[in-house]
Amino acid sequence: AVIGLTFTLAREFGPSGVSTNAIAPAFVRSDMMRSAFKKPDDEQNLTASIPLRRLCDPEEVASAITYLASDLAGFINGEVIDINGGIQCD
């Protein structure tokens with residue numbers, strides 16, 4: 001739903017100079033993520049399934065957001081940045 005809304009808003013407000021984009025992070029190292037690990041090897045099993053073999057750091061998500069808010073991303077509109085370490089390569 002968020003991706004559909006992003007595309008709709010990008011089309012609607014792009015002509016007015018307003019860009020609309022989304023960030024789609026997968027597994028971010030956080031307290032909430034840590035609480036999902038029930039067994040000692042859960043994190044290791046998860047990271048083994050990610051091509052980069054690690055969880056995303058919150059700062060990496062923040063960097064993507066900072067980039068989209070910068071003048072450098074002025075021509076990016078209707079885009080979804082998938083921050084997933086390669087787990088979803090399609």
Side-chain angles (χ1 to χ4, degrees):
V2 172
I3 293 171
L5 178 63
T6 299
F7 295 160
T8 298
L9 293 175
R11 277 191 227 79
E12 185 170 336
F13 294 107
S16 300
V18 177
S19 61
T20 305
N21 300 290
I23 301 289
F27 302 106
V28 179
R29 187 179 316 280
S30 65
D31 291 339
M32 186 170 73
M33 188 77 234
R34 276 188 285 282
S35 71
F37 300 133
K38 303 302 179 194
K39 299 175 192 160
D41 59 345
D42 281 352
E43 182 174 359
Q44 183 179 358
N45 291 337
L46 175 61
T47 57
S49 70
I50 301 171
L52 291 182
R53 302 289 190 256
R54 65 181 182 83
L55 301 177
C56 177
D57 290 323
E59 294 81 10
E60 292 171 306
V61 177
S63 292
I65 294 167
T66 300
Y67 170 69
L68 286 176
S70 76
D71 290 339
L72 295 172
F75 200 65
I76 297 176
N77 187 35
E79 193 60 51
V80 178
I81 297 181
D82 204 356
I83 304 175
N84 62 37
I87 198 168
Q88 204 173 2
C89 294
D90 51 21

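What you see is a predicted model; the values in this text were computed from it and never measured. Computed from heavy atoms alone, side chains included, the values below leave out hydrogens, waters and symmetry copies.
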Residues in salt bridge (Lys or Arg N to Asp or Glu O under 4.0 Å) with Glu60, at least two apart?
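Glu60 satisfies salt bridge (Lys or Arg N to Asp or Glu O under 4.0 Å) with Arg54 once adjacent residues are dropped.
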Would you please name every residue forming a salt bridge (Lys or Arg N to Asp or Glu O under 4.0 Å) with Asp71, sequence neighbours left out?
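Once residues adjacent in sequence are excluded, Asp71 has no partner under the salt bridge (Lys or Arg N to Asp or Glu O under 4.0 Å) criterion.
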Point-to-point distance, once rounded to the nearest 0.5 Å, from CG of Leu52 to OG1 of Thr47:
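These two atoms lie 11.0 Å from each other.
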Go through it in stages, so that I can follow the logic: the residues are Phe13 and Asn77, the test is side chain to side chain contact (heavy atoms under 4.5 Å, CB included), and I'd like the CA-CA distance, side-chain angles, deciding distance and then a yes or no.
CA-CA 10 Å; Phe13 294 107; Asn77 187 35; over 6 Å; no
Minimum heavy-atom separation for [X] and [Y], please, with both atom names.
| X | Y | answer |
| --- | --- | --- |
| Pro51 | Gly86 | CG-O, 3.3 Å |
| Cys56 | Val61 | SG-CG2, 3.7 Å |
| Ala10 | Pro15 | O-CD, 4.5 Å |
| Ile83 | Ala64 | CD1-CB, 3.7 Å |

Honestly curious: do Ile65 and Tyr67 fall in one hydrophobic cluster under the side-chain, below-4.5 Å linking rule?
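Linked within one cluster.
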What verdict does the side chain to side chain contact (heavy atoms under 4.5 Å, CB included) test give for Leu9 and Val18, after you've listed the backbone C-alpha separation in whole Å, the side-chain angles of each residue and the deciding distance to 0.1 Å?
CA-CA 9 Å; Leu9 293 175; Val18 177; over 6 Å; no
Run the side-chain donor-acceptor check on residues 20-32: report pairs under 3.5 Å with partners two or more places apart or on a different chain.
residue, atom, partner, partner atom, Å
Asn21, OD1, Gly78, N, 3.2
Asn21, OD1, Glu79, N, 3.0
Asn21, ND2, Ile76, O, 3.2
Arg29, NE, Asp57, OD1, 3.3
Arg29, NH1, Glu43, OE2, 3.3
Ser30, OG, Val28, O, 3.3
Ser30, OG, Met33, N, 3.1
Asp31, OD1, Arg34, NH2, 2.8

